[in-house]
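Notes for the one structure printed next.
Lettering of chains follows the sequences in order, A, B, ..., and the numbering in each one begins at 1.
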Amino acid sequence: MPRRGVRAACAMHHGCMLLSRLAQVSQEVAATSARSRKIGLLAELFRDADADDVPIVIPYLAGRLPQGRLGVGWKVLSRPVAPAAEPALTVREVHALLTELGEVSGTGAQERRARLVGELMAAATAEEQRFLLGLITGEVRQGALDAVAVEGLARATGAPAADVRRAVMLAGSLQTVAQALLARGPEALEGFRLTVGRPVLPMLAHTAASVSEAVDKLGVCAVEEKLDGIRVQLHRDGDDVRVYTRTLDDITDRLPELTGAALDLKGERFILDGEVIALDGAGRPRSFQETAGRVGSRVDVVTAARTVPVSPVFFDALSVDGQDLLDLPFAERHAELARLVPEPMRVRRTLVDGPADLSAAERFLADTLERGHEGVVIKALDAPYSAGRRGASWLKVKPVHTLDLVVLAAEWGHGRRTGKLSNLHLGARDADGSFAMLGKTFKGMTDAMLAWQTERLRELAVEDDGHVVTVRPELVVEIAYDGLQRSTRYPAGVTLRFARVVRYREDKAAAEADTVATLLAAHREVTR
DNA sequence: TTCCGACAGTGGGGTCGCAAT
DNA sequence: ATTGCGACCCCACTATCGGAA
């Protein structure tokens with residue numbers, strides 16, 4: 001790949017990071033478990049990086065390709081190519097080549113892709129080849145994502161880490177902040193302020209096991225309905241309305257109802273946080289699947305909106321009339337929200353006066369479930385809005401169901417679970433004595449359980465295709481889950497939502513496991 | 001010294017929509 | 001037409017590091 005012209009220009013601009021540098025740092029970061037050392041390694045890399053390299057270097061370090069899909073699979077990638085002896089590739093050259101690769105289409109596309117991959121691999125050293133392979137297949141796993149990169153950036157530029165973190169939350173993008181920091185230094189952070197029209201990363205909630213646990217932790221608090229819909233951030237600046245998702249995708253065009261609702265409010269400039277949900281004629285929530293399908297529809301929005309209309313329900317205000325509310329206590333932010341948004345468009349809530357008032361919180365949860373909603377979110381009244389964080393001041397509580405199911409098979413794990421049987425196939429007893437698969441889970445296992453189940457399931461194995469190990473259906477496991485969903489994939493027509501392992505039930509035989517019939521009876525609202 | 005908050009990793013199901021077959 | 005696949009929606013849980021208490 002003779003690109004001498006490009007490289008000569010690079011030398012003059014001092015930038016143009018070599019891929020070998022990135023590959024080496026990535027390897028070192030992966031090899032250490034100490035967070036502080038990871039930060040140090042990234043800081044060193046950032047000191048040498050040009051601001052223009054940032055849009056490539058940042059995603060690469062997180063193991064992501066900025067282009068997204070490339071259209072190359074294992075078949076093309078696993079062809080061995082003799083590595084180059086000397087590192088010469090720059091990250092920009094690699095980026096250009098991968099972009100070209102992603103744009104290949106039409107007749108002979110596969111062949112052309114294979115040729116480009118071959119060219120790239122031939123120009124890469126063995127270490128670079130390993131890095132590229134990991135990057136393209138999404139298996140970098142170096143224990144450092146955005147949070148570590150933020151610390152590294154702070155150390156490299158001398159900016160306070162907290163300020164960098166806040167700028168990232170307000171910009172909604174590490175890349176933007178990194179670029180500004182490397183180009184202009186710590187002063188650049190002042191440019192990142194809360195702005196109507198520019199989305200910020202939303203605050204998230206932790207899980208609490210019960211209402212009493214949450215109220216004990218938070219004291220005086222608000223208990224709010226948790227709606228099972230899609231999180232939205234609504235921005236209005238005069239006649240301009242924008243709607244963003246949790247990951248800051250702009251979905252304004254898919255939700256015409258929200259533009260209308262925003263323009264009806266008595267305020268010209270604001271940012272609101274809330275949820276959209278589809279309700280049926282009686283005002284009860286439709287299933288998450290229906291809401292998600294509606295919000296996901298992009299092509300014929302008019303028909304989708306007529307068939308499944310959605311309603312916005314807001315629970316927080318981040319900015320009103322040019323005033324940034326993020327650092328105000330929740331009680332004050334909510335007062336602003338209440339001033340702006342009439343009741344039916346605000347989430348139902350009740351105020352609870354600490355643990356002594358627990359029964360009020362319990363009643364509210366029971367009532368909320370009765371109305372068909374998912375659960376509650378319990379919020380401290382004195383806490384600021386922690387954009388982009390899973391703040392300890394928001395705790396969600398949802399009912400949890402459990403079942404005793406039978407392990408039908410297990411899949412070999414990846415990454416730190418390599419060599420362990422990880423992902424369990426779960427079955428319930430069916431009328432004819434066979435087992436109907438209800439879904440899979442890999443959650444809830446400790447390392448000890450993982451080791452134990454690997455041994456135990458190997459004893460029960462009847463087949464191993466290298467990916468799935470099928471076993472005799474004898475091992476019973478207690479599974480927690482959040483509810484049932486309709487499914488076209490599984491034979492009973494339903495699957496478990498968020499299934500996770502609680503414990504193994506060696507005291508139970510497979511014949512004592514729960515049945516499909518009892519499961520369906522317990523969730524009649526789903527199958528109706 | 002112990003505790004606990006924040007992170008990364010390990011994947012789950014569904015839906016939509018595009019591209020390849 | 002069908003099918004495979006990526007990008008997003010929703011998400012739970014454990015292990016670990018390192019600062020807070």
Side-chain angles (χ1 to χ4, degrees), chain A residues 29-30 32-39 62-65 67-71 73 102 104-107 109-110 138-151 165 204-207 209 217 226-232 245-249 251 254 275-277 287-301 304 308 374 386 388-393 396 398 400 411 413-418 420 422-426 438-450 479-490 494-502:
Chain A
V29 169
T32 178
S33 64
R35 218 177 104 92
S36 50
R37 181 155 160 69
K38 289 179 196 282
I39 292 167
R64 260 193 342 262
L65 284 170
Q67 310 68 357
R69 47 178 297 155
L70 287 181
V104 171
S105 64
T107 49
Q110 285 302 345
E139 301 196 355
V140 169
R141 292 192 191 90
Q142 53 185 22
L145 295 173
D146 282 9
V148 177
V150 161
E151 301 279 339
R165 199 176 301 122
L204 306 173
H206 274 290
T207 302
K217 272 191 185 161
K226 185 179 192 310
L227 305 178
D228 196 8
I230 307 291
R231 185 81 175 265
V232 287
T245 65
R246 193 155 96 79
T247 50
L248 312 190
D249 270 26
I251 53 165
R254 295 185 225 163
E275 191 94 359
V276 287
I277 187 165
S287 73
F288 172 74
Q289 282 165 301
E290 289 174 283
T291 299
R294 158 61 212 279
V295 177
S297 298
R298 282 158 281 180
V299 174
D300 187 357
V301 172
V308 186
E374 198 187 3
S386 311
R389 322 206 86 176
R390 212 168 268 287
S393 54
K396 57 181 161 185
K398 297 185 280 185
V400 175
E411 297 173 12
H414 299 90
R416 71 185 297 280
R417 292 193 179 186
T418 300
K420 297 283 189 297
S422 172
N423 200 3
L424 305 177
H425 295 199
L426 305 168
L438 289 176
K440 309 179 189 178
T441 186
F442 57 91
K443 294 173 183 155
M445 300 139 187
T446 62
D447 286 358
M449 284 171 83
L450 221 42
I479 298 294
Y481 65 104
D482 277 21
L484 283 194
Q485 291 175 274
R486 285 177 188 277
S487 172
T488 54
R489 177 183 313 223
Y490 293 110
V494 293
T495 186
L496 305 179
R497 195 166 182 207
F498 310 141
R500 61 266 191 191
V501 170
V502 179

Check: Glu290(A) side chain, Val308(A) main-chain N or O, donor-acceptor pair, under 3.5 Å: no
5'-most by nearest nucleotide on DNA chain C - Gln67(A) or Arg37(A): Gln67(A)
Donor-acceptor pair, side chain of Thr418(A) and main chain of Gly415(A), under 3.5 angstrom: yes
Sugar-phosphate, base or nothing in reach of Lys443(A), heavy atoms under 4.0 Å: base
Presence of Lys398(A) side-chain N/O under 4.0 Å of dA12(C) phosphate oxygens OP1/OP2: yes
Sugar-phosphate only, base, or nothing, as touched by Lys420(A) at under 4.0 Å among non-hydrogen atoms: nothing
I'd like a list of close polar pairs between nucleotides 17-19 of chain B and the protein, N/O only, cut-off under 3.5 Å.
{"from": "dG17(B)", "atom 1": "OP1", "to": "Arg298(A)", "atom 2": "N", "distance (Å)": "2.4"}
{"from": "dG17(B)", "atom 1": "OP1", "to": "Val299(A)", "atom 2": "N", "distance (Å)": "2.8"}

Touch class at under 4.0 angstrom, heavy-atom based, for Thr495(A) against every strand present: sugar-phosphate
Step-by-step side-chain contact (heavy atoms from CB on, under 4.5 Å) determination, Arg254(A) to Arg294(A): CA-CA 8 Å; Arg254(A) 295 185 225 163; Arg294(A) 158 61 212 279; 5.7 Å; no
Residue-phosphate contact under 4.0 Å: Thr245(A) side-chain N/O, dC9(C) OP1/OP2: yes
Selection from dC10(C), dC7(B), dA6(B) that lies nearest to any side-chain heavy atom of Arg497(A): dC10(C)
Any Ile251(A) side-chain heavy atom under 4.5 Å of Val232(A) side chain: yes
Heavy-atom side-chain contact between Ile230(A) and Phe288(A) under 4.5 Å: yes
SB check Arg497(A) Asp228(A) (cutoff 4.0 Å): yes
Sugar-phosphate only, base, or nothing, as touched by Lys217(A) at under 4.0 Å among non-hydrogen atoms: nothing
Arg489(A) side-chain N/O to dG14(B) phosphate OP1/OP2 under 4.0 Å: yes
Sugar-phosphate only, base, or nothing, as touched by Thr291(A) at under 4.0 Å among non-hydrogen atoms: nothing
First encountered from the 5' end of DNA chain B, between Gly439(A) and Arg390(A): Arg390(A)
Presence of salt bridge, Arg416(A) and Asp447(A), under 4.0 angstrom: yes
Any Ser422(A) side-chain N or O less than 4.0 Å from OP1/OP2 of dG11(B): yes
Sugar-phosphate, base or nothing in reach of Ala392(A), heavy atoms under 4.0 Å: nothing
Contact under 4.0 Å: Thr446(A) side-chain N or O vs dC13(C) OP1/OP2: no
Sugar-phosphate only, base, or nothing, as touched by Val148(A) at under 4.0 Å among non-hydrogen atoms: sugar-phosphate
First encountered from the 5' end of DNA chain B, between Ala147(A) and Arg141(A): Ala147(A)
Under 4.0 angstrom between Arg389(A) side-chain N/O and dC7(B) OP1 or OP2: yes
Short side-chain N/O contact from Thr488(A) to OP1 or OP2 of dG14(B), under 4.0 Å: no
Non-hydrogen side-chain atoms of Lys440(A) and Tyr490(A) separated by less than 4.5 Å: yes
Sugar-phosphate, base or nothing in reach of Lys396(A), heavy atoms under 4.0 Å: sugar-phosphate
Which residue lies more 5' along DNA chain C, comparing Asp447(A) with Thr207(A) via nearest heavy atoms: Thr207(A)
